[in-house]
Amino acid sequence: MTVHLAELLAEARIVPVLTVPDPRTAAPLARALAAGGARCAEVTFRTPDAEEVVKAMAAEGGLVVGAGTVLTAEQAERAVAAGAQFLVSPGLDDEVLDAARALGVPIAPGVATATELMRAVRAGIDTVKLFPAEPLGGRAMLRALAAPFPGVRFMPTGGIDAYRMTAYLAEPAVLAVGGSWMATPALLASGDYEEIRRLTADAVERSTP
């Protein structure tokens, strides 16, 4: 199934960003997120077993699973082979963009400047990740970047929590926000999937227009 990323994000509104060290937690994590109403999730390629996590979460079938922190074309290939249906990168890299295009999966590259955003638009990208959103200047920075590029939509990520989420989602240029507060390393380590479900459900409820 081909994913249209802008449509997916517009429907999802929130994207749980997951760093999962132990692939054995992947299946119950996927179930908890889906039970809370999440439609998609981003598994970061920051751990040695990220591929196994993507594979296990995708097998559950309740979420559209993507891969984040994709830094190389080789990682993009591994992520898609494991079942990732979209890719997210922290920056704008031509080789990663080319790999996503060749693999037939959408990608939201990270941008932090107008120059990077111009390069993304030139490459045919209309959905980007503003990263790291809060350290860059938050919503003021987002508005400044969005104004000259009315055709671009954003997924701000980085420093966004349950309290900042709704303000970002009120911005017309924002499709969804990414954040890790719904499934923190501490919650995963303790196996508190009920709390993950609750936090996800709360975020979904408050993200609904």
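Side-chain atoms are counted along with the backbone in the values below, which use heavy atoms only and exclude waters and symmetry mates. The first residue of the sequence shown is numbered 1, and numbering continues consecutively from there.
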Less than 4.5 Å apart, side chain to side chain, heavy atoms only: is that true for Val80 and Leu87? yes

Do Thr208 side-chain atoms and Val204 backbone N/O form a donor-acceptor pair below 3.5 Å? yes

Within a 6.0 Å radius of atom CZ on Arg206, are there more than 12 heavy atoms belonging to other residues, nucleotides or ligands? yes

Side chain Arg39, main chain Leu8, donor-acceptor under 3.5 Å: no

With the side chain counted from C-beta on, respond yes when Phe154 and Thr127 share a heavy-atom pair under 4.5 Å apart, and no when they do not. no

Between Thr44, Leu29, Thr25, which is the residue that forms a side chain to side chain contact (heavy atoms under 4.5 Å, CB included) with Leu18? Leu29

Let me see the working for Arg78 and Glu74 under salt bridge (Lys or Arg N to Asp or Glu O under 4.0 Å), right down to the final yes or no. CA-CA 6 Å; Arg78 285 165 42 207; Glu74 186 262 345; 3.2 Å; yes

Is any side-chain heavy atom of Pro156 closer than 4.5 Å to one of Val174? yes

Looking at Arg197 and Glu194, is there a salt bridge between them, counting it only when a charged N and a carboxylate O are closer than 4.0 Å? yes

Going by heavy atoms in the side chains, are Glu42 and Met155 under 4.5 Å from each other? yes

State whether a side-chain donor-acceptor pair under 3.5 Å links Thr69 with Arg46. yes

Can you find a pair of side-chain heavy atoms, one from Leu130 and one from Leu145, that are under 4.5 Å apart? yes

Looking at every heavy atom in both Glu134 and Ile160, which two are closest together, and how far apart are they? CG-N, 4.3 Å

Donor-acceptor contact below 3.5 Å, side chain Asp93 vs main chain Val96: yes

Using a cut-off of 6.0 Å, state whether more than 12 heavy atoms not belonging to Glu95 lie near its atom CD. no

Considering non-hydrogen atoms only, spot the tightest contact between Val53 and Val20 and give its length. CG2-O, 3.7 Å

Greater than 12 external heavy atoms within 6.0 Å of Arg24's CZ: no

Check whether any side-chain heavy atom of Tyr168 sits under 4.5 Å from a side-chain heavy atom of Arg139, and report yes or no. yes

Before you tell me yes or no, could you show the steps for Met118 and Val121 under side chain to side chain contact (heavy atoms under 4.5 Å, CB included), namely the whole-Å CA-CA distance, both residues' side-chain angles and the distance that decides it to 0.1 Å? CA-CA 5 Å; Met118 288 178 69; Val121 170; 5.8 Å; no

If you round to the nearest 0.5 Å, how far is OG1 of Thr200 from CD of Glu205? 12.5 Å

Salt bridge (Lys or Arg N to Asp or Glu O under 4.0 Å) assessment of Glu116 paired with Arg119: CA-CA 5 Å; Glu116 292 169 340; Arg119 285 182 53 210; 5.9 Å; no

